Amino acid sequence: MSRMQAVAFLEALAQENPAPETELHYTDPFTLLVAVVLSAQTTDAMVNKVTPGLFAAAPTPAAMAALGAEGIGQHIRRIGLWQAKARNVAALARMLVDQHGGEVPADRVALEALPGVGRKTANVVLNVVFGQATMAVDTHIFRLGNRTGLAPGKTVREVEDALVKRCPPALLRDAHHWLILHGRYICKARAPECWRCGAVAHCNYRDKVLAAPGG
DNA sequence: ATCCCGAGGG
DNA sequence: CCCTCTGGAT
């Protein structure tokens, strides 16, 4: 896919809204960070069931640290990996209070040093909160980037770099969010629904699907 | 059975 | 690179 095509592809996807109800619930940098940490290997809908109660009980790093792993666990028992997440969020909140003045750091190294925060979560925070030119690549975006030719790469880093280079600055913020939704609901791993893709005109994957046996 | 808006550890 | 942690949806 040429750069011109890639930009047209991204602009078309930015207009799309496959599933608005699946946005993560948060109100500030800290709750965004926690919501993203909680979302690992679990659906956003499930996370949204527990975050209102959790954030009502502990809206700040200090309150979250005080709530502790036990208290946090009481609120998030319904989501996957909740035991490890409760421990991580408690420790993470404690680190924010002790080492970062109760604020979410605007630095990749500091973010990734927080328990439960890896490259993907750090990229979401850097992009959404601090407006940095980063892309959070998950399995959906990795697949979409390769299959459409938008951002080819054999590693997550390669796909990430390709997307940052090709995405117009105006679209960069939150681009990972609508790319994920597109990958989750339209450009699906199995049975992709090209007929309701807003960017079919800028992608030849539909032709490949139709040409494939049984496609 | 397989996968998920992953991270951490071996 | 591999594996495990978790629950829910498909």
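Source: prediction; values computed, not measured. To find a chain, count down the sequence lines: A is the first, B the second, and so on, and within it residues start at 1.
When the nearest nucleotides of DNA chain C are assigned to A:Trp82 and A:Arg190 by heavy-atom distance, the more 5′-ward of the two goes with A:Trp82. A residue-by-residue look at A:Thr43 and A:Asn88 shows that A:Thr43 has its nearest nucleotide of DNA chain B further toward the 5' end.
Considering every non-hydrogen atom in both A:Leu32 and A:Val129, the closest pair reads CD2-CG2, 3.3 Å. Closest heavy-atom contact between A:Val128 and A:Arg173: O-NH1, 2.9 Å. Scanning both residues, A:Asn127 and A:His176, for their nearest heavy atoms gives ND2-CD2, 3.7 Å. In terms of heavy atoms, A:Asp107 sits closest to A:Ala110 at OD2-N, 3.0 Å. Summarising the geometry of A:Phe30 relative to A:Leu96, their closest heavy-atom pair is CD1-CD1, 3.6 Å, with the distance given to 0.1 Å.
Note on A:Leu179: nothing from the nucleic acid sits closer than 4.0 angstrom, heavy atoms only. Among the atoms of the strands shown, only primed sugar atoms or phosphate atoms (P, OP1, OP2) are found under 4.0 Å from some heavy atom of A:Gly118. Using a 4.0 Å heavy-atom distance criterion, A:Val117 is classed as a sugar-phosphate-only contact. As judged by a 4.0 angstrom heavy-atom cut-off over every strand, A:His176 is placed among residues making no nucleic acid contact.
Distance A:Met46 CE to C:dC5 P: 21 Å, rounded to the nearest Å. With rounding to whole Å, A:Arg119 atom CZ is found 10 Å from B:dA7 atom P. The distance between atom NZ of A:Lys85 and atom C1' of C:dG8, rounded to the nearest whole Å, is 11 Å. Atom-to-atom, CG of A:Asn48 to P of B:dC4 comes out at 19 Å; the value is rounded to the nearest Å. The separation between A:Lys188 atom NZ and C:dA9 atom C1' is 13 Å, rounded to whole Å. In this entry the distance linking CZ of A:Arg78 with P of C:dG7 reads 12 Å, nearest Å. Atom CG in A:Asp44 sits roughly 19 Å away from atom P in B:dC3 (whole-Å rounding). Computed from coordinates, the A:Gln41 CD to B:dT2 P distance equals 15 Å when rounded to whole Å.
Within the 4.0 Å cut-off from OP1 or OP2 of B:dC4, at least one side-chain nitrogen or oxygen of A:Thr139 is found.
Comparing C:dT4 with B:dC3, their C1' atoms sit 16 Å apart, to the nearest whole Å.
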